[in-house]
Amino acid sequence: MQALRIGEFARRVGVPATSLRAWEQRYGLLHPARSAGGFRLYGEADAQRVAVMLRGLEQGLSAAEAAAAALRSAPALRSAPASTLRPQTGELPLARQQLIEAFNTYDESAVHTVLDAVLAAYGLETCLTELVLPALSAVGSGWERGEPVIGQEHFASNLIRARLLALARLWGRGGGPLALLACVPREQHDISLIAFGLVLRTYGWRIVFLGTDTPISTVAQAVAVTGPTVCVLSAFAPALFEAQGPALRRLARTAPVLLSGPGADAEIAQRLRLPRLGGDLVAAARELDNSFGPRPQTP
Ligand code: B12
């Protein structure tokens with residue numbers, strides 16, 4: 001996220017500028033840089049501390065307690081035993097190991113501690129791409145090898161899903177372009193779609209999220225009501241898109257429809273004559289913003 005003035009930053013994080021200023025003055029929650037003209041500029045680390053603060057408030061903490069938790073979250077990872085920490089590049093692999101270990105031992109508070117620390121220290125994109133999604137896939141790969149990890153995998157995915165949706169609070173607010181996100185019928189994997197929405201949000205987009213296993217008729221109804229800039233549909237297997245071919249073609253007459261997720265391969269996109277968002281989800285969010293996002297005004 002680029003450095004932002006208070007108004008735009010407030011819009012991005014979904015908190016009024018007056019509250020942000022109060023949190024900065026009272027608790028030192030925000031650490032703005034200064035522009036050449038002396039304006040305060042807020043960045044990703046500030047946004048993450050606000051996210052941790054909001055989570056604390058939602059859990060019923062007082063503002064002072066939530067701010068303290070947000071400020072504590074950054075050093076938490078660094079306070080791991082020195083023998084197990086390598087500076088800089090070693091920190092994220094270690095955090096990943098800690099997270100997988102926390103999943104495997106059903107240790108909920110350890111999961112939150114690692115997530116809070118990495119979110120505050122590295123920001124959202126890195127937390128998603130270097131920590132959360134690889135750790136989820138690693139838990140899943142034990143399942144692939146026939147190891148008894150279904151309990152751990154359910155535990156991990158429920159916790160992660162809840163954490164990501166907490167960060168998504170008010171992601172529909174603001175004045176940016178609107179993305180309608182849904183998983184196609186019979187698709188239960190929505191965590192990566194939520195992650196995609198969170199990254200897109202950092203570009204100033206608004207999100208309407210319909211979640212797993214959504215009938216295309218329901219998507220069409222939501223398109224009619226919300227008039228999205230784009231409609232991004234996700235599936236982990238191409239067959240799930242294939243099964244909805246005619247309905248997807250009809251939907252594409254009402255809004256730009258993009259196929260996404262591991263099931264959105266080039267072949268199915270060509271067969272259905274619909275564009276797809278390829279690659280990893282951070283690159284996909286950037287690509288979408290480049291193609292459909294607001295253009296700077298030319299004088
Ligand atoms: C968590 C999980 C679940 C959870 C989902 C929770 C949720 N709400 O999302 C639950 C328990 C519901 C589940 C259920 C099932 N699952 Co599951 N699940 C997983 C697991 C462990 C993680 C999935 C995940 O989010 N990965 C993180 C993603 C982001 O990683 P990725 O695939 O590398 O994605 C990259 C790109 O493809 C792209 N991308 C991915 N998604 C998106 C979305 C957008 C918008 C964009 C732009 C890009 C993008 O970005 C990523 C890189 O940045 C995987 C294991 C794995 N290796 O992934 C299995 C896995 C996906 N599941 C699998 C299976 C088989 C199932 C079940 C059928 C199991 C069963 N017998 O019941 C069911 C039913 C699924 C259904 N009908 O939809 C298989 C899929 C095989 C396949 N290709 O069809 C996997 C790979 C495990 C395996 N090897 O067996 N699962």
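Each residue takes its place number in the sequence, starting with 1. Atoms within each ligand, like the ligands themselves, are counted from 1 in listed order. Below, all heavy atoms of this structure are taken into account, side chains as well, without hydrogens, waters or symmetry copies.
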Ionic contact status for [Y] with [X], cut-off 4.0 Å:
| X | Y | answer |
| --- | --- | --- |
| Asp116 | Arg55 | yes |
| Asp213 | Arg186 | no |
| Glu8 | Arg11 | yes |
| Arg286 | Asp289 | no |

Parallel, tilted or perpendicular, judged at 30° and 60°: which one describes the rings of Tyr106 and Phe155?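 Plane angle over 60°, so perpendicular.
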Which ligand 1 atoms are under 4.0 Å away from a heavy-atom of [X]?
| X | answer |
| --- | --- |
| Phe196 | 45 (C), 47 (C) |
| Leu136 | 21 (C), 25 (O) |
| Arg161 | 8 (N) |
| Ser157 | 1 (C), 6 (C) |
| Pro262 | 32 (O), 37 (O), 40 (C), 41 (N) |

For ligand 1, which part of Ala284 has a heavy atom less than 4.0 Å away: the side chain, the backbone, both, or neither? side chain
Going hydrophobic residue to hydrophobic residue with side-chain gaps under 4.5 angstrom, can you get from Val232 over to Leu274?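 The answer is no; the residues belong to distinct hydrophobic clusters.
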Using 0.5 Å steps for rounding, measure from the CZ atom of Arg250 to the CD atom of Gln244.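 Atom-to-atom, Arg250:CZ and Gln244:CD are 9.5 Å apart.
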Please confirm whether [X] approaches ligand 1 to less than 4.0 Å, judged on its heavy atoms.
| X | value |
| --- | --- |
| Leu193 | yes |
| Ala156 | no |
| Val139 | no |

Are any of the N or O atoms of [X] closer than 3.5 Å to those of ligand 1?
| X | result |
| --- | --- |
| Ser192 | yes |
| Leu277 | no |
| Asp190 | yes |

Residues two or more places apart in sequence or in another chain: which of them pass ring pair (Phe, Tyr, Trp, His ring centres under 6.0 Å) with Tyr203?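 So Tyr203 forms no ring pair (Phe, Tyr, Trp, His ring centres under 6.0 Å) with any residue.
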What residues form a ring pair (Phe, Tyr, Trp, His ring centres under 6.0 Å) with Phe236, not counting sequence neighbours? His189
Minimum distance, heavy atoms only, to atom 76 (C) of ligand 1: which one of Gln152, Arg276, Arg186, His154 is it? Arg186
Nearest non-hydrogen contact with atom 63 (C) of ligand 1 belongs to which option: His189, Gln188, Glu187? His189
